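Atom set for the values below is all heavy atoms of this structure, side chains included, hydrogens, waters and symmetry mates excluded. Treat the numbers as computed from the prediction; the structure is a model and nothing was measured. A, B, ... follow the sequence lines: proteins, then strands. Residue 1 opens every chain.
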Number of protein chains: 2
Amino acid sequence: MQATIQRTEQRFGNAAAQRSVLRSAITPASRDALALLEQFGTTISVHADREIHGQGDAAAYCYRIVTGCVRTVKLMEDGRRQIGEFLMAGDLLGFDALDTFDFAAEAVCDVTLRRYPRRMVDALAESNVALTRRLRDMTSISLRTAHARLVLLGRKTASERIASFLLEMAERLPGAHDHVLDLPMGRTDIADHLGLTIETVCRVLGHLRREGTIAIERSSITIRNDVALQQMASELRH
Amino acid sequence: MQATIQRTEQRFGNAAAQRSVLRSAITPASRDALALLEQFGTTISVHADREIHGQGDAAAYCYRIVTGCVRTVKLMEDGRRQIGEFLMAGDLLGFDALDTFDFAAEAVCDVTLRRYPRRMVDALAESNVALTRRLRDMTSISLRTAHARLVLLGRKTASERIASFLLEMAERLPGAHDHVLDLPMGRTDIADHLGLTIETVCRVLGHLRREGTIAIERSSITIRNDVALQQMASELRH
DNA sequence: CGAGCACTTGAAAGATTTCAAGTCCAGTGG
DNA sequence: CCACTGGACTTGAAATCTTTCAAGTGCTCG
């Protein structure tokens, strides 16, 4: 199982490959390790904009997103907001928490989740080496994602951030066929994820549309020129 | 994939109190778990500005910083640079890596490291539950640190970033007694860590000095008013 | 059909960066 | 021992990018 992850990781340097790695968490073998948990799982539904867990809550459960989209949110005193990441179907939430969450998780749209008691996860991890290893690798992958975002937020321009975001969504959104992205999140969420204002997000998207790089229809964006987007995204040196 | 263990920018509630909480993550028991590795360790020295490992290198070793300061670096094609974090004596590096590093690690000043073969770490982890658990928690803590930095880079102003940085250093620098910080890193490193330019770093520091909040003597900064700094840092809502 | 909300777009304001000089030491060589 | 040189750090002024403030559009829902 770990072999699968490692093999994928070899394709380093190719930005697209790198991104997909971050989400390809569910390989056949690793699904087996996680499958042990299934018997302890409960399926729950959460409506759009409802909280799944709050910032500072005890980490009593872990989750797997079955359908829909979830955002992880940190709020500052004055209301400034940072969305750490968007989680899509198949993504996991809370498996790498300590005993409390340091961010809230909210449903972006109506979502279905599979929920597992954390102490079952911990108990199983104690006795199952494969699962343990799997959990550690998953957390490492989350960390790698976070580090890529540090570069995005610390060093990229607004256009580069938007381009990177669109390319990431093109790979991660379920059914993003033919370069058509049905974005579940609004412009405000995108802005709070990319460290921009909603106006800047709109302006950059508008610019890309006028250039012919993308087409926009409300929440659906079609990538018309992904080479242009990739150049604009300025990925890391390799 | 940074491997800072005992530190975290955990920011709920009283930021200072919270920070020390995670420091105590290194309990006697957990130190014992890591102590198993000691027999496989080698001590090495690296001169200032030399590379410890490159971006993309196979993760053959893990490290513990014995003395000095290390920076983790990501470079973009055009030379823009992001420093993920600074590691101080006692911090760990590479324990949460996958099979390659996605960032370089460089000595900020002359450093002494203790180096452990990764496969020994993995082998021990397979058979030792305490160590395994310890590794997972360490990675989770790194992740929490990274998330706090996402807020800093995505939503804080230049002054807030500098204030947060100084407060973090006040806690993490070995021997930061009496609010005197001997910063091992230069202004350029600080800028590349905080997503700013060197000029902005200088200007904000100069402003704080003129205000009487800090005093500056080359690489040594004295905090004269830490309440002012804490207010300026704008920590997270709790 | 009107209200409300999300999204757009324009114009002015503001924060940070860029460009350009300096200043201040530490180390070097005379 | 002292002047000199290079690098790190400061500081000022103009340029630039993004935000803020303001309006306006368009769609959805009641």
Distance check needed: [N] [atom2] versus [X] [atom1], whole Å only.
X: A/Ile198; N: D/dT25; atom1: CD1; atom2: P; value: 18 Å
X: A/His207; N: D/dC17; atom1: NE2; atom2: C1'; value: 13 Å
X: B/Arg80; N: D/dC17; atom1: CZ; atom2: C1'; value: 13 Å
X: A/Glu160; N: D/dT16; atom1: CD; atom2: P; value: 17 Å
X: A/Glu217; N: C/dT8; atom1: CD; atom2: P; value: 12 Å
X: B/Arg161; N: C/dA15; atom1: CZ; atom2: C1'; value: 11 Å
X: B/Leu196; N: C/dT18; atom1: CG; atom2: P; value: 11 Å
X: B/Met185; N: D/dC9; atom1: CE; atom2: C1'; value: 16 Å

When you measure from the side chain of [X], which nucleotide among [options] comes out closest?
X: A/Ala158; options: D/dT18, D/dT20, D/dT10; result: D/dT18
X: A/Glu199; options: D/dT10, C/dT8, D/dT20; result: D/dT20
X: B/Arg218; options: C/dC24, D/dT10, C/dA11; result: C/dC24

Under 4.0 Å, counting only non-hydrogen atoms across every strand here, what does B/Thr157 touch: a base, just sugar-phosphate, or nothing?
sugar-phosphate
Which is true for A/Arg209 with a 4.0 Å heavy-atom rule: it touches a base, it touches only sugar-phosphate, or it touches nothing?
sugar-phosphate
Starting from the 5' end of DNA chain C, give me the residue, A/Leu205 or B/Thr197, whose nearest nucleotide shows up first.
A/Leu205
Let me spell it out: for each of B/Gly195 and A/Ile216, pick the nucleotide of DNA chain C with the closest heavy atom. Which residue's pick is nearer the 5' end?
A/Ile216
How about CZ on A/Phe165, more than 12 heavy atoms from neighbouring residues, nucleotides or ligands closer than 6.0 Å, or not?
yes
Below 4.0 Å: OP1/OP2 of [N] and any side-chain N or O of [X]:
X: A/Thr200; N: D/dT19; value: yes
X: B/Arg187; N: D/dT10; value: yes
X: A/Arg210; N: C/dT9; value: yes

Salt bridge or not between B/Glu217 and B/Arg209? Use side-chain N to carboxylate O under 4.0 Å.
no
Would you say the side chain of B/Arg203 and the base of C/dT18 hold a donor-acceptor pair, judged only by whether the two atoms sit under 3.5 Å apart?
yes
For A/His193, is there any backbone N or O sitting under 3.5 Å from a side-chain donor or acceptor partner on A/Gln82?
yes
Short side-chain to backbone donor-acceptor contact, B/His53 and B/Phe103, under 3.5 Å
yes
Given the options B/Thr112, B/Leu113, B/Ile52, B/Ile44 meets side-chain contact (heavy atoms from CB on, under 4.5 Å) only with B/Leu113
